[in-house]
There are 2 protein chains.
Amino acid sequence: MARTVLDRSDVVRALAGVFRKRGFEAGSLSVIQQQTGVGRGSLYHFFPNGKTDMAAAVLQQVSDWFEDRIFTPLRLARNAGEAIEAMSREVAEYFTSRERVCLFAAMTLGEEQDTFADEVRSYFTDWVDALAAALRTGGLPPLEAADRAVDAVAAIQGGLILARAYGDDATFLGIVARTEQRLLAPTQ
Amino acid sequence: MARTVLDRSDVVRALAGVFRKRGFEAGSLSVIQQQTGVGRGSLYHFFPNGKTDMAAAVLQQVSDWFEDRIFTPLRLARNAGEAIEAMSREVAEYFTSRERVCLFAAMTLGEEQDTFADEVRSYFTDWVDALAAALRTGGLPPLEAADRAVDAVAAIQGGLILARAYGDDATFLGIVARTEQRLLAPTQ
DNA sequence: TCAAGTCTGTACCGAACAGTACAGACGGTT
DNA sequence: AACCGTCTGTACTGTTCGGTACAGACTTGA
């Protein structure tokens with residue numbers, strides 16, 4: 001019977017796609033099965049605890065990506081300006097190529113809220129803290145850096161909502177660009 | 001059998017609460033029934049087309065509230081500064097007393113995305129346009145006004161995400177306050 | 001060649017789902 | 001007091017859900 005053999009990370013990637021399009025609740029096993037070609041058997045082989053495991057794996061993968069491509073570079077930045085420009089570039093490309101959906105933001109709604117509350121909080125605090133660190137490296141006083149970092153992450157997340165509402169990337173890209181400008185602006 | 005008699009707007013209010021807490025998909029009829037005390041019979045009496053009607057009614061009520069309390073005042077403002085301060089105040093109070101959830105933003109996720117795409121787009125464009133109008137009244141050039149309006153709405157919506165992620169209102173209130181400052185700042 | 005372990009398709013389970021049918025209860029009108 | 005339209009509780013439908021069981025197919029190593 002067994003035909004196509006996949007490894008776990010392929011399945012996680014496919015799951016992420018389904019969850020972005022349909023949401024965690026509505027991403028039913030039948031939909032996953034027909035959308036990804038991965039059967040029930042394989043799914044429960046890779047994720048013995050079912051949908052909770054699947055959600056956890058997807059979030060972990062997203063978290064790893066951001067840690068690697070966004071947070072760590074920001075923390076280790078020697079040139080704050082370049083690091084922030086890089087963040088804008090990476091974030092814009094990441095979300096425009098992924099249905100304009102941040103799965104961690106989606107996790108702040110509905111019932112699943114409680115299940116992954118810690119992971120969600122960590123994702124956002126890590127982002128804000130890493131960005132604030134880069135801003136301090138760039139010479140901003142700590143409180144100003146913290147405020148700007150929070151505002152920037154909020155602007156990006158809100159930009160994703162507007163992008164989905166408008167069905168267009170331009171608004172989101174404009175928001176990201178202006179957010180970058182505000183981050184790089186000198187203290188007044 | 002009939003015991004408690006409710007009118008439609010009571011039911012809509014109760015529905016909004018359930019949808020904010022659980023989401024549209026997960027807000028099942030059984031949950032609605034036991035959470036609101038409204039039985040299946042009444043529900044399908046008020047909303048013959050089931051959950052779609054319920055969602056539409058809830059969104060309409062939210063839309064009416066914003067039109068009345070936020071959009072119209074912004075459009076008719078003679079003193080832009082006061083209108084924007086009023087918006088901040090109203091928005092902060094509205095969302096902090098409603099689970100920090102914007103139902104229109106929630107509608108940009110999952111399957112329901114398509115069903116109410118027009119209503120969602122209108123909500124956000126109305127908000128952005130009304131705010132931009134107030135900013136023009138305050139003396140900002142049209143393009144600058146438009147950019148600031150988009151950025152402000154995005155910041156507020158992103159602020160709600162952070163508020164839910166952190167489980168605290170302070171971050172959201174800080175974002176709203178700084179957003180107001182940026183809206184009121186003179187052109188540079 | 002063959003045994004062990006890994007992976008996959010399918011049939012199945014009870015539970016929960018949205019929606020329907022309908023009888024009975026209530027409030028207003030006459 | 002009788003009536004009618006509005007409202008409500010309950011029993012029921014077919015469907016879909018997440019999850020389980022398990023046999024068969026494939027890979028691997030000896």
Side-chain angles (χ1 to χ4, degrees), chain A residues 1-59 103 106-107 109-116, chain B residues 1-59 103 106-107 109-116:
Chain A
M1 285 181 192
R3 269 194 278 174
T4 48
V5 178
L6 306 154
D7 69 353
R8 204 183 132 104
S9 73
D10 287 332
V11 179
V12 174
R13 228 184 314 278
L15 280 174
V18 173
F19 289 152
R20 269 184 262 263
K21 266 219 172 70
R22 314 252 177 169
F24 278 94
E25 316 249 359
S28 66
L29 295 209
S30 342
V31 169
I32 292 170
Q33 186 163 353
Q34 75 176 72
Q35 197 90 4
T36 66
V38 184
R40 261 179 159 65
S42 313
L43 245 19
Y44 277 88
H45 171 73
F46 288 120
F47 310 100
N49 289 345
K51 286 191 85 181
T52 311
D53 272 6
M54 299 180 206
V58 167
L59 289 181
L103 287 171
M107 274 303 190
L109 290 166
E111 299 202 288
E112 56 267 22
Q113 210 168 343
D114 301 321
T115 317
F116 297 104
Chain B
M1 286 182 192
R3 267 194 282 174
T4 48
V5 178
L6 305 155
D7 69 354
R8 203 184 132 103
S9 72
D10 288 332
V11 179
V12 173
R13 228 185 315 277
L15 281 174
V18 174
F19 288 153
R20 269 185 262 263
K21 265 219 174 70
R22 313 251 179 171
F24 278 95
E25 316 250 0
S28 67
L29 295 210
S30 342
V31 169
I32 291 170
Q33 187 163 352
Q34 73 175 77
Q35 198 89 6
T36 66
V38 184
R40 260 178 159 66
S42 314
L43 246 19
Y44 277 89
H45 171 74
F46 288 120
F47 311 100
N49 289 345
K51 285 191 86 180
T52 311
D53 273 5
M54 298 179 206
V58 168
L59 289 180
L103 287 171
M107 274 301 189
L109 290 167
E111 298 201 289
E112 55 266 25
Q113 209 168 342
D114 301 322
T115 316
F116 297 103

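First the proteins, then the strands, lettered A, B, ... as listed; each starts at 1. The structure displayed is predicted, hence computed values, not measured ones.
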Could you list the protein-to-nucleotides 17-20 of chain C atom pairs, N/O on both sides, closer than 3.5 Å?
residue	atom	partner	partner atom	Å
C/dC17	OP1	B/Ser28	OG	3.0
C/dC17	OP2	B/Ser30	OG	2.9
C/dA18	OP1	B/Lys51	NZ	3.2
C/dA18	OP2	B/Leu29	N	2.8
C/dA18	N7	B/Arg40	NH2	3.0
C/dG19	OP2	B/Tyr44	OH	3.0
C/dG19	OP2	B/Lys51	N	3.1
C/dG19	O5'	B/Tyr44	OH	3.3
C/dG19	N7	B/Arg40	NE	3.4
C/dG19	O6	B/Arg40	NE	2.8

Could you list the protein-to-nucleotides 3-6 of chain C atom pairs, N/O on both sides, closer than 3.5 Å?
none

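Under the ring-ring contact (aromatic ring centres under 6.0 Å, His included) criterion, the residue pairs touching residues 6-33 of chain A are A/Phe19-A/Phe24, with sequence neighbours excluded.
Across the protein-nucleic acid pair, B/Asp10 atom CG and D/dC7 atom P stand 12 Å apart, rounded to whole Å. Distance CZ (B/Phe46) to P (D/dT6): 12 Å, rounded to an integer number of Å. The CD-P distance, from B/Gln34 to D/dT10, rounds to 14 Å in whole Å. The nearest whole Å value for the distance from the CZ atom in B/Phe47 to the P atom in D/dC7 is 12 Å. Between the P atom of D/dC17 and the CD1 atom of A/Ile32 lies a distance of 10 Å, rounded to the nearest Å.
Residues forming a side chain to side chain contact (heavy atoms under 4.5 Å, CB included) with A/Ser30 (at least two apart in sequence, or on another chain): A/Ser28. For B/Arg22, the salt bridge (charged side-chain N to carboxylate O under 4.0 Å, His left out) criterion is met by A/Glu111, not counting sequence neighbours. Among residues two or more places apart in sequence or in another chain, the salt bridge (charged side-chain N to carboxylate O under 4.0 Å, His left out) test is passed with A/Lys21 by A/Glu99. Judged as a salt bridge (charged side-chain N to carboxylate O under 4.0 Å, His left out), and not counting sequence neighbours, A/Arg8 has no contacts. Under the side-chain hydrogen bond (donor to acceptor under 3.5 Å, both in side chains) criterion, B/Gln33 pairs with B/Arg40, sequence neighbours left out.
Contacts between residues 12-21 of chain B and DNA chain C, counted as heavy-atom distances below 4.0 Å, involve no residue at all.
Summarising the geometry, atom CG belonging to A/Leu29 is positioned 4.5 Å from atom OH belonging to A/Tyr44; distances are rounded to the nearest 0.5 Å. Between the CG atom in B/Leu109 and the CD atom in A/Glu25 there is a gap of 12.0 Å [rounded to 0.5 Å].
When the options A/Ile32, A/Val11, A/Val18, A/Leu59 are evaluated for a side chain to side chain contact (heavy atoms under 4.5 Å, CB included) with A/Met54, the one that passes is A/Ile32.
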